[in-house]
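Proteins come first, then strands; the chains are lettered A, B, ... in the order of their sequence lines, and each starts at number 1. The structure presented is a predicted model; accordingly, all values stated were derived computationally and were not measured.
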There are 2 protein chains.
Amino acid sequence: MSETCINCGHSLCARRVPIFSKLDGKEIESVVTLIRRKHFDKGENLFFEGGELQGLIIINRGRAKAYINTPEGKEQILHIFFPGDFFGEKSLFVDKKTEYNVKAVEPVDICMISKKDFQELIKKYPGITSKILQELVNRIDRLESMIENIGAKSVDSRINAVLLEFAQKSLDENQIDSAAQFELPLNREGIANYIGVTRETVSRKLNLLQEEGVIQMIGNKKIKILDKNRLKSE
Amino acid sequence: MSETCINCGHSLCARRVPIFSKLDGKEIESVVTLIRRKHFDKGENLFFEGGELQGLIIINRGRAKAYINTPEGKEQILHIFFPGDFFGEKSLFVDKKTEYNVKAVEPVDICMISKKDFQELIKKYPGITSKILQELVNRIDRLESMIENIGAKSVDSRINAVLLEFAQKSLDENQIDSAAQFELPLNREGIANYIGVTRETVSRKLNLLQEEGVIQMIGNKKIKILDKNRLKSE
DNA sequence: ATAAAACTGTGATTCAAATCATGATTTCTA
DNA sequence: TAGAAATCATGATTTGAATCACAGTTTTAT
């Protein structure tokens with residue numbers, strides 16, 4: 001079996017992961033030998049809450065959502081994982097179950113490093129630990145700003161924030177400024193479950209934004225941000 | 001100056017902090033020599049968003065709230081720090097500002113270790129790093145469950161959850177089961193800003209819970225949980 | 001290609017919590 | 001300890017989003 005990750009074309013998928021970014025070419029190749037690949041169809045679960053996580057999972061293609069099902073039957077989405085994002089880092093360090101599910105929202109390819117292999121990796125390259133720390137801190141920041149959004153901001157502001165977030169995850173700064181189109185990672189109901197409203201409200205608010213000329217929808221999945229500033233204010 | 005932290009009576013305050021719990025007596029004493037103490041009156045800010053955090057801050061007595069002021073003028077509380085809790089760990093590892101404020105909700109004594117001292121400490125006792133990792137993971141868990149609460153649960157459920165949380169932070173399991181009273185760390189408005197509702201709603205819901213015999217209020221600050229199970233369900 | 005299934009838009013109605021208003025308590029503080 | 005300031009309770013009203021209902025559209029699978 002080749003040591004390169006065929007799904008990323010000719011690049012090494014490990015190089016796309018921030019935690020390995022400090023390693024040099026030869027070191028990264030040794031990481032790649034540890035990687036196993038797997039594919040998930042749209043709608044398949046990569047992981048169920050309470051389950052044993054096999055190791056570190058890196059999203060290589062496609063997007064996935066992490067979500068909780070509440071006792072009342074609602075779904076709360078906690079993260080959207082884009083290519084290059086990873087999860088499962090928790091089980092590598094702490095003996096604690098992860099309480100959310102992860103589901104592919106479109107066809108997804110992942111790279112996987114087993115817990116055992118990863119722990120040996122850390123011994124060999126201790127710098128990885130500080131990268132993990134950094135990533136955990138970033139997640140805390142994102143979760144805190146999500147709480148600010150859901151807990152203290154109006155529904156309009158939440159919609160605005162989520163559109164900007166998805167744009168930033170999908171495009172680079174120049175593309176956003178030139179109103180490039182991008183694909184929403186979630187359908188209306190998904191967006192609703194991410195920002196704590198209903199599907200109908202998302203529909204109505206998006207249409208309002210379009211009427212106001214702030215955004216332009218291309219079909220249901222694609223969108224252009226015409227006026228970034230009006231999304232930022234309010 | 002004595003090496004013991006006078007504010008904790010005869011115990012060493014460092015021993016109360018989970019991240020130092022693996023150290024033996026002699027090691028902990030060397031940590032204590034690095035500690036500086038400070039007092040804050042009720043209402044004083046321990047820290048302002050965007051400011052330079054001096055190092056690791058351990059709450060030794062009293063409680064403090066971490067909060068964000070939204071552009072719309074609302075306050076969203078993110079954490080309640082109880083004695084033994086700490087913050088500022090972020091600035092020790094990552095070159096990134098903290099975006100929230102921390103304010104004493106009652107008279108607070110803190111212990112503080114400077115960034116520089118702490119970094120030397122880590123070199124000497126690398127085990128501390130894994131403790132920090134663990135604590136970060138715990139925070140992520142708490143934030144995620146907070147998002148589930150605020151985003152997907154009814155107001156009733158949120159009130160229930162916050163009462164249980166405060167009880168668990170204030171009492172041990174036996175005391176909760178025997179309906180011991182404890183002091184709320186926040187006033188009505190504070191609770192409201194923690195769970196994303198208004199002060200009036202908190203008033204009304206608490207009164208309802210009392211009428212139903214689930215809780216008993218002693219004045220405004222103290223409370224007894226009479227029926228833990230009814231708080232848990234729903 | 002076509003039928004089924006999933007998703008979306010939109011009006012009508014309901015409802016729970018926000019807001020507004022005010023008086024009663026409690027807690028500071030001078 | 002008296003007066004001021006902060007906090008709390010509670011009724012009346014408004015409001016914004018949830019819910020309900022259903023038709024139109026898009027996607028998926030055979």
To the nearest angstrom, how far is A:Leu184 atom CG from C:dT8 atom C1'? 13 Å
Using whole Å, what does the distance between atom P of nucleotide D:dC20 and atom CZ of A:Arg204 come to? 13 Å
Which part of the nucleic acid, if any, lies within contact of A:Lys74, taking any heavy atom under 4.0 Å across all strands shown: a base, the sugar-phosphate backbone alone, or nothing? nothing
Rounded distance (Å) that lies between atom C1' of D:dT25 and atom CG of A:Leu206: 16 Å
Should B:Asn207 be listed as having a side-chain N or O under 4.0 Å from OP1 or OP2 of D:dT10? yes
In terms of side-chain heavy atoms, does B:Glu148 have a donor or acceptor partner in A:Tyr100 at a distance below 3.5 Å? no
When you measure from the side chain of A:Arg188, which nucleotide among D:dT19, C:dG9, C:dA18 comes out closest? C:dG9
In whole Å, what is the span from the NZ atom of B:Lys42 to the P atom of C:dC28? 5 Å
Residue whose nearest DNA chain D nucleotide is more 5′ - A:Asn220 or A:Lys205: A:Lys205
Under a 3.5 Å cutoff, is there a donor and acceptor pairing between the side chains of B:Glu72 and A:Ser157? yes
Among D:dA18, C:dT8, D:dA9, which is the nearest nucleotide to the side chain of B:Arg199? D:dA9
Could you check whether B:Lys169 makes a cation-pi contact with B:Phe166, meaning its NZ or CZ is under 6.0 Å from the centre of the six-membered ring and within 45° of the ring axis? no
Value in whole Å for how far the C1' atom of D:dA18 lies from CD1 of A:Ile195: 14 Å
Identify, between A:Gly196 and B:Ser203, the residue whose nearest nucleotide on DNA chain D lies closer to the 5' end. B:Ser203
Quick check on the helix from C:dA1-D:dT30 to C:dA30-D:dT1: what's the angle between its two end axes, five base pairs per end, to the nearest 10°? 60°
Which atom of B:Asn101 lies closest to which atom of B:Glu49, heavy atoms considered: OD1-N, 3.0 Å
Separation of B:Leu208 atom CG from D:dA9 atom P, in whole Å? 12 Å
Nearest to side-chain heavy atoms of A:Glu200, which nucleotide of C:dA18, D:dA21, D:dA18: D:dA21
side-chain N/O A:Thr201 vs D:dA17 OP1/OP2, d < 4.0 Å: no
Step by step, would you call B:Ile147 with A:Tyr194 a side-chain contact (heavy atoms from CB on, under 4.5 Å)? CA-CA 10 Å; B:Ile147 289 172; A:Tyr194 190 43; over 6 Å; no
So which heavy atom on B:Glu106 is nearest to which on B:Glu183, and how close? OE1-OE2, 4.1 Å
Gap between atoms CD and P, on B:Glu72 and C:dT19 respectively (whole Å): 11 Å
Distance to the ring centre below 6.0 angstrom and angle to the axis at most 45 degrees; does that hold for B:Arg63 and B:Phe40? no
Whole Å only: how far is the CZ atom of B:Arg158 from the C1' atom of C:dA18? 13 Å
